[in-house]
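Predicted, not measured: the structure shown is a model, and the values here were computed from it.
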Amino acid sequence: QVQVVESGGGLVQPGGSLKLSCAVSGWSLDDYAVGWFRQAPGKEREGIACISSSDGSTWYTDAVKGRFTMSRDNGKNTVALQMNNLKSEDMAVYYCVTSEIGGKCHHLNRMFSEWYDHWGQGTQVTVSS
């Protein structure tokens with residue numbers, strides 16, 4: 001019943017900005033942690049940001065800290081990922097994910113994919129000059 005749909009990917013030049021959106025249906029976002037994973041060519045997927053359901057606190061991986069910002073609109077069951085100062089290393093498929101975890105959405109300075117029950121189809125972000 002729970003569905004997660006990402007949108008907003010596309011082509012952007014290095015140093016540019018892009019905003020991804022995620023719509024969650026079938027369940028109230030208040031009951032879920034929400035976050036973003038990405039997978040670049042030749043690399044393992046990595047969690048880059050999340051918001052805990054309990055207190056709404058955010059976490060970012062070091063690679064995007066200071067450049068990416070997550071936000072959540074519980075009333076609309078949507079989340080956004082504002083990406084600024086994009087680098088070539090940011091080129092990847094980005095996945096919006098949710099979890100029923102009641103505590104923090106991260107541990108040991110990382111996100112664990114096993115914790116996340118629902119995944120979107122992914123949206124491609126291409127960073128190129």
Side-chain donor-acceptor contact under 3.5 Å, Thr78 with Asp73 | no
Are any of the side-chain heavy atoms of Met83 and Ser17 separated by less than 4.5 Å?
-> no
Check the pair Trp59, Ser52 against side-chain contact (heavy atoms from CB on, under 4.5 Å), reporting the backbone distance first and the verdict last.
-> CA-CA 8 Å; Trp59 171 91; Ser52 298; over 6 Å; no
How would you list, by chain and number, every residue that makes a side-chain hydrogen bond (donor to acceptor under 3.5 Å, both in side chains) with Trp115, sequence neighbours excluded?
-> none
Ring centre gap for Trp119 and Phe37 strictly below 6.0 Å = yes
For Lys65, salt bridge (Lys or Arg N to Asp or Glu O under 4.0 Å) partners two or more places apart | Asp62
Distance-minimising heavy-atom pair for Arg72 and Gly56 = NH2-CA, 3.4 Å
Are any side-chain N or O atoms of Gln13 and backbone N or O atoms of Ser129, one a donor and one an acceptor, separated by less than 3.5 Å?
-> no
For atom CD of Gln121, decide whether the heavy atoms of other residues, nucleotides or ligands shown that lie under 6.0 angstrom number more than 12.
-> yes
Hydrophobic cluster (4.5 angstrom, side-chain heavy atoms) - remaining members for Val5 = none
Pair Asp90 + Arg67, salt bridge at N-O below 4.0 Å = yes
Take the angle between the ring planes of Phe112 and His107 and call it parallel below 30°, perpendicular above 60°, tilted in between.
-> tilted
